[in-house]
Amino acid sequence: MAELRLDALHKIHPNGVVALRGLDLAVHHGELVVLVGPSGCGKTTVLRLVAGLEEPTRGRVWIEGRDVTALPPQERDVAMVFQSYALYPHKSVRDNLAFGLRMRRLAREDIARRVEGVAATLGLAELLERRPAQLSGGQRQRVALGRAMVREPKAFLLDEPLSNLDARLRAETRAELGRLHRRLAATMLYVTHDQEEAMTLADRLVVLRDGAVQQVGAPLAVHDRPANAFVAAFLGAPAMNLLPGEREGSGGLVRGRGFRVQPAPQQAPRTLWVGVRPVHVALGPPGSGEADARIELVEPLGSSVLVHVRLAGEGETVRVLLGAGARLPRLGEAVGLRLPVQCLHWFDARDGRRIGP
Amino acid sequence: MRRGAGRAAAAAGTALLAAGLALPLYLVLVASVTPEADLFEGMAWLPPDPTAEHYRALFTERDFWLPLRNSLVVAAATTLLCVGLGAACAWALARLRFRGRGLLLAGLLVVGLFPQISLVAPLYLLLRALGWIDSYPGLVLPYLTFAMPLAVWLLVGVFRELPLELEEAAWIDGASRLRAFREVVLPLAAPALASTAILTFLYCWNEFLFALSFTLGPERQTVPVAVALFRGEYRIPWGQILAASVVATAPVAVLVLAFQRRIVRGLTTGAVKG
Amino acid sequence: MRQAARSEVRLAALLVGPALACVLALAVLPIAWTVWESLHRHDLRLPWLGRPFVGLANYGEALGDPRFWSALAHTLFFTATSVALELGLGLALALALHRRFRGRDALRTLAVLPWAIPTVVAALLWRFLFEGPASPANAVLLRLGGEPLAWLAHPIWAWVPILAADVWKTTPFVALLLLAGLQGIGDELYEAARVDGAGPWRSFCHVTLPLLRPVLLVALVFRFLDAFRVFDLVYVLTGGGPGTATEPLALYIFGALLQKLRFGYGAALSVIAFGVGFALALLYVRLLGARPAGAQR
């Protein structure tokens with residue numbers, strides 16, 4: 001039985017904006033599902049529908065086999081970590097943590113026990129008497145998390161919990177969250193616009209765009225086999241190169257400005273995009289490989305080198321990722337690009353859909 | 001060089017302004033303890049023989065306790081009702097969605113701008129029909145009507161500024177709407193509620209036109225009316241009038257001294273936010 | 001699905017209801033009544049005449065009533081003068097309070113006090129200062145080499161204590177409003193002006209004034225409406241006298257209603273007063289609010 005089930009959820013706002021188009025999702029017990037996509041794609045709407053803060057226009061929400069669609073948030077037994085943390089500013093950390101338990105009329109000893117337990121787990125024990133205004137951003141985030149944990153809810157809803165932290169803290173906290181999830185074995189629905197968070201934390205991820213689901217699956221599966229051009233470009237950094245091309249003849253030859261590759265899959269249409277990740281492109285002398293190009297920009301990143309090359313005949317700019325020990329090419333140098341056919345992805349240029357295996 | 005001169009000029013200007021503000025008050029204070037005979041014979045900066053005669057006469061001969069009591073009762077009752085009803089109304093306007101919301105807020109504002117003189121006649125007739133002339137409700141209700149628009153206007157802004165997420169977090173934590181209001185919204189709005197209460201109290205304490213029109217005798221007259229209608233047997237009893245002025249101002253002064261920052265913030269937030 | 005929306009409306013009705021009922025019963029209906037009454041002849045001292053409908057006769061009478069016109073003139077004079085003085089002095093006081101200095105809090109408390117005391121008390125205070133041949137005002141006048149005046153008995157000089165009382169009482173409030181506006185102007189703007197070579201006067205004209213305009217407008221409209229309704233001050237200071245030399249509109253209406261008991265006529269005067277005040281306020285807002293904020297220089 002799925003812990004959380006979303007059945008054909010639609011949400012249309014009173015002003016006519018369609019926030020969500022028909023989402024079907026089953027989250028299993030203890031699973032961490034990440035909803036990822038650019039801003040405005042509807043991911044926060046999903047969270048608010050599950051929490052009960054908004055009503056769906058159509059569809060149902062099930063929690064542990066119970067239809068909660070008509071229930072107010074007070075009765076759903078889920079916990080939410082807001083992007084802004086939403087800590088009660090006039091209450092101490094202890095009272096913030098205890099609030100939900102007080103609402104459910106737990107005995108005082110039980111409340112104290114749980115609060116202290118969670119505080120110990122999250123390293124908040126010394127901060128219990130402080131107010132939110134006296135805490136750092138990272139500490140506030142942990143209190144927000146603790147407030148959710150202390151309630152031992154059926155599901156956790158996390159709305160971009162890391163986006164307000166600075167870069168270094170974000171990476172550390174991300175790892176902590178992953179460890180916490182495994183320790184608690186809790187069901188979590190996690191929303192983010194950061195594809196790196198999605199890739200590293202998710203058991204499964206759901207890519208959303210303009211309220212519509214693009215793809216659902218395990219991170220590596222979705223990364224290695226994107227269902228459309230949007231997902232292909234969204235996941236993975238640096239982003240996948242998408243080169244427009246046309247199929248010529250019946251031999252599966254695809255030609256674009258500055259490159260020619262083959263063979264395209266059998267059912268490929270005439271206009272399509274060829275996708276190849278920067279890490280799969282190899283540089284060689286001009287004339288060797290499927291494309292000719294000139295070096296436009298070299299960005300040494302420390303552990304790798306990102307090279308931007310411009311395809312011959314005013315073609316696209318292609319990103320190439322070289323390893324740390326590679327020779328740094330010179331600006332303006334003419335090179336040849338090798339695009340190994342087994343690393344290529346093919347997309348229909350009309351609707352972006354994936355073609356082939 | 002120029003900056004020094006500028007600063008000196010500003011300091012001088014400020015001192016002048018402060019003197020201008022304080023001087024009349026000081027003079028009244030001095031006059032209130034000056035014997036009647038000396039009052040217009042050229043007053044000194046410091047009274048040579050101060051007397052409490054005027055204050056004594058005020059409370060023993062003129063029963064000034066009465067208007068003080070009336071003002072206190074009316075102001076306190078109006079303030080409590082105004083803040084209570086005003087807060088409820090303001091929260092509904094800030095948070096709930098219903099048709100006519102904008103119209104209601106605009107309408108409330110317009111009412112607060114009515115010249116009160118145009119309402120004296122109909123209110124008089126209405127209160128007379130209800131038997132409320134020269135009574136406490138006869139003052140509390142009109143005061144409430146005119147203090148509430150300001151209260152609602154101030155509080156709507158405050159409630160709108162409170163992040164809805166705080167209430168949502170409380171709901172998810174299991175608090176009912178009302179409980180969330182009590183435990184999260186009210187404590188955070190408390191300073192604004194206090195400001196509104198103080199401003200309402202001041203309005204009631206100082207109001208004159210309605211008090212003059214809707215009360216008939218010393219039993220229910222408020223302080224401003226009592227002070228304005230002082231009559232002497234032969235001449236105007238200036239000593240007592242000024243003593244009464246000091247007494248009338250004392251509660252106000254206390255409030256202002258204690259809550260000056262709050263009052264200023266309450267007044268100016270509404271104005272600056274537009 | 002609609003249930004939540006419907007219960008929201010019900011909750012709103014519950015919360016807004018009492019306030020709305022109060023305002024409707026004690027403000028909106030009376031206003032409507034006043035307008036209706038203004039179309040009738042209703043003299044409580046002549047009850048046998050009944051309450052006949054007379055259309056716009058009361059308005060006609062008002063327009064031909066010289067005392068009405070002088071009351072209106074007095075009101076406009078008082079309003080224009082006091083508002084101008086208060087805005088000017090208020091701005092000066094606000095600029096003074098804007099700097100950080102020791103005792104600023106004490107000055108602020110002092111500034112709020114005149115605003116907070118009852119208007120009646122302020123009026124009595126200033127009346128005391130100007131009353132009689134041996135008044136403090138005359139003492140000052142004598143010191144300056146002049147002759148003592150019977151201020152309050154003089155149709156023109158009586159305005160001095162009236163204006164002084166209003167300016168003394170209200171300037172601090174205006175100053176505080178403007179101060180809030182001043183504090184909203186970021187320091188960077190002044191720094192940028194300095195870098196551009198502007199001296200204190202020019203940065204005042206080109207940075208302070210334009211950015212202060214919305215607050216100035218609010219202060220202007222509120223003060224205008226308040227001054228237009230002046231009653232307490234004049235009632236206590238001069239009673240409208242000598243004769244009717246200082247009688248403002250509100251006092252004239254009060255007399256018509258509660259002393260002469262001419263409710264119909266008084267109602268018509270009230271409507272006119274409300275109309276004029278409202279129209280002028282709208283005019284202000286339109287005139288001064290219209291220009292877009294960026295259009296200076």
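Within every chain, numbering begins at 1; the chains are lettered A, B, ... in the order of the sequence lines, protein sequences first and strands thereafter.
Comparing C/Leu124, C/Asn138, C/Val236, C/Leu249 by how many heavy-atom pairs each has under 4.5 Å with chain B, the most go to C/Leu124. The candidate from B/Arg95, B/Glu207, B/Gln116, B/Met148 with the greatest count of non-hydrogen atom pairs under 4.5 Å with chain C is B/Met148. With respect to chain C, the highest number of heavy-atom pairs below 4.5 Å among B/Ala121, B/Ala90, B/Ser213, B/Ala92 belongs to B/Ala121.
Inter-residue side-chain proximity for B/Pro24 and C/Trp168 is flagged as met; some heavy-atom pair is nearer than 4.5 Å. Between C/Trp33 and B/Leu125, some side-chain heavy-atom pair lies under the 4.5 Å cut-off. Looking at heavy atoms from C-beta onward, B/Leu21 lies in side-chain contact with C/Pro114 at the 4.5 angstrom threshold.
With sequence neighbours excluded, no residue forms a ring pair (Phe, Tyr, Trp, His ring centres under 6.0 Å) with B/Tyr124. Checked against ring pair (Phe, Tyr, Trp, His ring centres under 6.0 Å), B/Phe210 has the following partners two or more places apart in sequence or in another chain: B/Phe146, B/Phe214.
Looking at C/Val16, both its backbone and its side chain come within 4.5 Å of chain B, counting heavy atoms on both sides. Interface residue C/Ala25: only backbone heavy atoms are found under 4.5 Å from chain B. B/Leu212 touches chain C through its side chain: at least one heavy atom from C-beta onward sits under 4.5 Å away, while N, CA, C and O do not. Both the backbone and the side chain of B/Leu257 come within contact range of chain C, each with at least one heavy atom under 4.5 Å from a heavy atom of that chain. Looking at B/Val227, the atoms closer than 4.5 Å to chain C (heavy atoms on both sides) sit in the backbone and in the side chain alike. Of the two parts of C/Ile31, the backbone and the side chain both hold a non-hydrogen atom closer than 4.5 Å to a non-hydrogen atom of chain B. Contacts between C/Leu258 and chain B at a heavy-atom distance below 4.5 Å involve the side chain alone, from C-beta outward.
Residues of residues 262-273 of chain C having a heavy atom under 4.5 Å from any heavy atom of chain B, listed by number: C/Phe263, C/Ser270.
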Should B/Leu85 and C/Cys22 be marked as a side-chain contact (heavy atoms from CB on, under 4.5 Å) after you check the CA-CA gap, both sets of side-chain angles, and the distance that decides it?
-> CA-CA 10 Å; B/Leu85 294 178; C/Cys22 197; 5.8 Å; no
B/Leu209/C/Phe254 under side-chain contact (heavy atoms from CB on, under 4.5 Å): CA gap, chis, key distance, verdict = CA-CA 9 Å; B/Leu209 178 57; C/Phe254 181 76; 3.8 Å; yes
Name every donor-acceptor pair, under 3.5 Å, that has one atom in a side chain of residues 241-250 of chain B and the other anywhere in the protein, sequence neighbours excluded.
residue, atom, partner, partner atom, Å
B/Ser245, OG, B/Ile241, O, 2.9
B/Thr249, OG1, B/Ser245, O, 2.6

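Contact record, B/Ala228 with C/Val120: CB-CG1, 3.8 Å, taken as the closest heavy-atom pair. Heavy atoms only, all atoms of each residue included: C/Leu110 and B/Ala18 are closest at CD2-O, 3.7 Å. Nearest heavy atoms, C/Ile253 versus B/Ile117: CG2-CG1, 3.6 Å.
Applying the side-chain contact (heavy atoms from CB on, under 4.5 Å) test between C/Pro30 and each of B/Val120, B/Thr145, B/Leu123 identifies B/Leu123 as the sole match.
Counting only distance, with no hydrogens or angles, the side chain of B/Asn206 and the backbone of C/Thr119 share no donor-acceptor pair below 3.5 Å.
Taken from CH2 in B/Trp205 to CD1 in C/Ile117, the straight-line distance is 13.0 Å, to the nearest 0.5 Å.
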